[in-house]
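Protein chains get the first letters and strands the later ones, always in sequence-line order, with residue 1 at the start of each.
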Amino acid sequence: MSSSHHLQCVSLLKRCKYLVHLKQVHALAAKIGTDADSLFAGKVILLASVTVVDAIEYACRLLATFPSPDAFMFNTIIRGLAESDQPNRSLLTYAQMKGRSLSPDSFSFAFLLKAAANFKSLSAGIQLHSHAIHHGLDAHLFVGTTMVSMYAECGCIASAEKAFDQLPQPNVVAWNAMVTAYFCCGEAPNARKVFAQMPLRNLTSWNLMLAGYTKMGELGEARMLFSEMELKDQVSWSTMIAGFASHGHFEEALGFFRKLIMTQGILWWSNEVSLTAVLSACAQRGAFESGKILHGLIQKTGLNSIVAVGNALLDMYARCGHIAMAQRVFSREMCNKNIVSWTSMIAALAMQGRGEESLVFFNEMVESGIRPDWISLVAVLYACSHSGLVQQGCELFQRMENDYGVQPSVEHYGCVVDLYGRAGLLEKAYDFVTQMPMKPNAIIWRTLLGACSIHGNVELAEGVRMKLAELEPNDSSDCVLLSNVYAMARKWSNVAEVRNSMNEKSMRKDPGWSSVEVNKVVYSFVASDKLSSVREEAIEKLEEIMLKLRMEGYKPQVSNVLHDIEEEEKEDAIVRHSEKLAVAFSIGRMRVEDQVITIVKNLRVCRDCHEVMKLISKAYNRIILLRDRSRFHNFKEGSCSCRDYW
DNA sequence: GGCAAAGCTG
């Protein structure tokens, strides 16, 4: 191959973004003939492979085709695998490398330690550390810096400190790694101390502080630091937006985004990370109108060609209850799709109780050549359990390892427990739990307890409670579920007992909130909120509605009184559940023509509210779409799409 | 060819 051909191939490879392009360039290079200097060509192609999305398998196969790959080539593969979803494969490649008597260098250790960090394997990290010492590379600046992060990721802050202390001349990157290390181990004050002491700070140092504080939920600290920053970049802004969004602070996340586009102008806001983060905030809150505006912006800038943006967009529509829009984005607007896009669609349909359609999507995905990963299997099993597709779910579970090479994890087992439990096959569910190959965790038992509370099985519930008391004795949601089981069986003394023990341990439940969008504004209601004019308006309307319903024969179901309230408010708790306030408020404010009322709730809807929603949908001729923690309920003409199965 | 750095799927 002539040198001009070389240059052409190299520049083509640099522009490759997707695997198809890579394969084309590779074929081209092979056609021109690369025999003379195949080693160089091999290196270039390998390097391109680890930077192209989803090309790591291709790169691994490529490595196997070289008769005598050198350390550089092995390092490249180790690096690619370290960032993949199976970082442990880096270590296997390292073993192969040693098998060929190739000596690891500083590059090898930097990538390998990164793999150990991503894999969160302390034992692998310690082993690599000793190998690094053996090769005299443990105090190498890059190796040492990654070692600091590795130990921190594995929870060993003392070892991270030691690794840092032995660096002869730590640079700003090493100092930054130390800051992150402290945050990683939950030591914000120490992170702050290091930040104050470091000889030199760059913008990344500041951004790391923002990320550290927001991840720990110390949003006030983050906000203060952010305002102190003289220089901000896209990372600073998106860290703030994502930080607030991930803690459920929708208004603030949106506020930061608005400020970003207003103060920084068009070039600055067209960043896919801040967009996905702000879309996620809209999705959580059910802020459809804001989401639609974002969709417009995305179309204008052409950012919907970025897969993550498209994914976030379709997820936003799905979670706002506009499944048709989600499908439209999926099939018409996204030219690039990945497994996340498919999984989002499967989950979206599953949340609507449209399990059969989820299965159709799942099969289409497989046919299109995407191998299901563990999370897409969780989604499709979830679809089965929420639609009562017991047989289909079981079959999928049984063949997932054989057909897709995914070993069932505790999450998949949890789906099957849910599958049996929701369907009322409680004994089968219990047997399944006792036969699991791994130790059932609290989530598994809680799923079973949830099934007991749906089907009112006191005996099993009490047994499960014992297990939960061992694993997580202080979980308030378990107590609520248990008290619901007792209440359904009218065992009031047991209800009181659970309630008292909750009081003694001074357990507090997550406060339940519901939000609703009326005339493009999102209103949120919390069961235990202070009185405000909006709340007053909602309460007044709710009383009027309840009076009307009572005259038509409604009687409150008290079995779920504990559902989402603080103990002090149990008096008229059931009347004031946040979803009831939200629906009352929107009936008062919305015109009858705006037929659909969409409510988003952070916890599961209780039985009484579920009944009331049905009655309201009939009495007021509205469609009420309610998204709770686990699914959508579509109330229409007095009945619900979940057919009381949730 | 590295080391520290924000996002989408249960």
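Distance CZ (Phe111(A)) to C1' (dG1(B)): 6 Å, rounded to an integer number of Å. Protein atom CG of Asn176(A) is 14 Å distant from nucleotide atom P of dC3(B), rounded to whole Å. Rounded to whole Å, the distance from CD1 on Ile78(A) to P on dG1(B) is 18 Å. One atom, CG of Asn304(A), and another, P of dG7(B), lie 21 Å apart when rounded to the nearest Å. Rounded to whole Å, the distance from CD1 on Ile298(A) to C1' on dG7(B) is 12 Å. At whole-Å resolution of the value, CE in Met150(A) and C1' in dA4(B) are 15 Å apart. Atom CD in Glu153(A) sits about 14 Å away from atom P in dC3(B), given to the nearest Å. We find that NE2 of His295(A) is positioned 19 Å from P of dC8(B), with the value rounded to whole Å.
Using cut-offs of 30° and 60° for the angle between ring planes, the Trp206(A) and Phe195(A) rings count as perpendicular.
Across dC8(B), dG10(B), dA6(B), the shortest atom-to-atom separation from the side chain of Val340(A) is found for dC8(B). With dC3(B), dA4(B), dG10(B) as the candidates, the nucleotide lying closest to the side chain of Ser149(A) is dA4(B). Among the nucleotides dG7(B), dG10(B), dA4(B), the one closest to any side-chain atom of Leu208(A) is dA4(B). The side chain of Glu272(A) sits closest to dG7(B) out of dG7(B), dG2(B), dA6(B). Nearest nucleotide to the Asn75(A) side chain, out of dG1(B), dC3(B), dG7(B): dG1(B). Checked against dG7(B), dC8(B), dA4(B), the side chain of Val273(A) finds its nearest nucleotide in dG7(B). Residue Phe72(A) places its side chain closer to dG1(B) than to any other of dC3(B), dG1(B), dC8(B).
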Inset, instruction - Give the C-alpha distance, both sets of side-chain angles, the deciding distance and a yes or no for ring pair (Phe, Tyr, Trp, His ring centres under 6.0 Å) between Phe109(A) and His129(A). - result: CA-CA 9 Å; Phe109(A) 284 115; His129(A) 187 173; 9.9 Å; no

Inset, instruction - Decide yes or no on side chain to side chain contact (heavy atoms under 4.5 Å, CB included) for Cys384(A) and Val390(A), but give the supporting numbers first. - result: CA-CA 7 Å; Cys384(A) 291; Val390(A) 180; over 6 Å; no

Inset, instruction - Evaluate side chain to side chain contact (heavy atoms under 4.5 Å, CB included) for Ile444(A) paired with Val410(A), printing each intermediate quantity in order. - result: CA-CA 8 Å; Ile444(A) 296 278; Val410(A) 70; 4.0 Å; yes

Inset, instruction - Carefully, step by step, assess Phe250(A) and Gln284(A) under the rule side chain to side chain contact (heavy atoms under 4.5 Å, CB included). - result: CA-CA 8 Å; Phe250(A) 159 74; Gln284(A) 284 179 54; over 6 Å; no

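Under the stacking definition used here (centres under 5.5 Å, planes under 30°), the residue Phe107(A) qualifies as stacked on the base of dG2(B).
Evaluation of atom-type donor-acceptor distances gives a pair under 3.5 Å for the side chain of Ser238(A) against the base of dA6(B). With hydrogens and angles ignored, a donor-acceptor pair under 3.5 angstrom links the side chain of Ser106(A) to the base of dG2(B).
Side-chain N or O atoms of Thr301(A) include one that pairs as donor or acceptor with a backbone N or O of Leu297(A) at under 3.5 Å.
Heavy atoms of Trp374(A) sit under 4.0 angstrom from at least one base atom.
Between Arg319(A) and dG10(B) there is a side-chain polar atom (N or O) within less than 4.0 angstrom of OP1 or OP2. Contact annotation: Arg79(A) does not reach the phosphate of dC3(B) (side-chain N/O to OP1 or OP2, under 4.0 Å).
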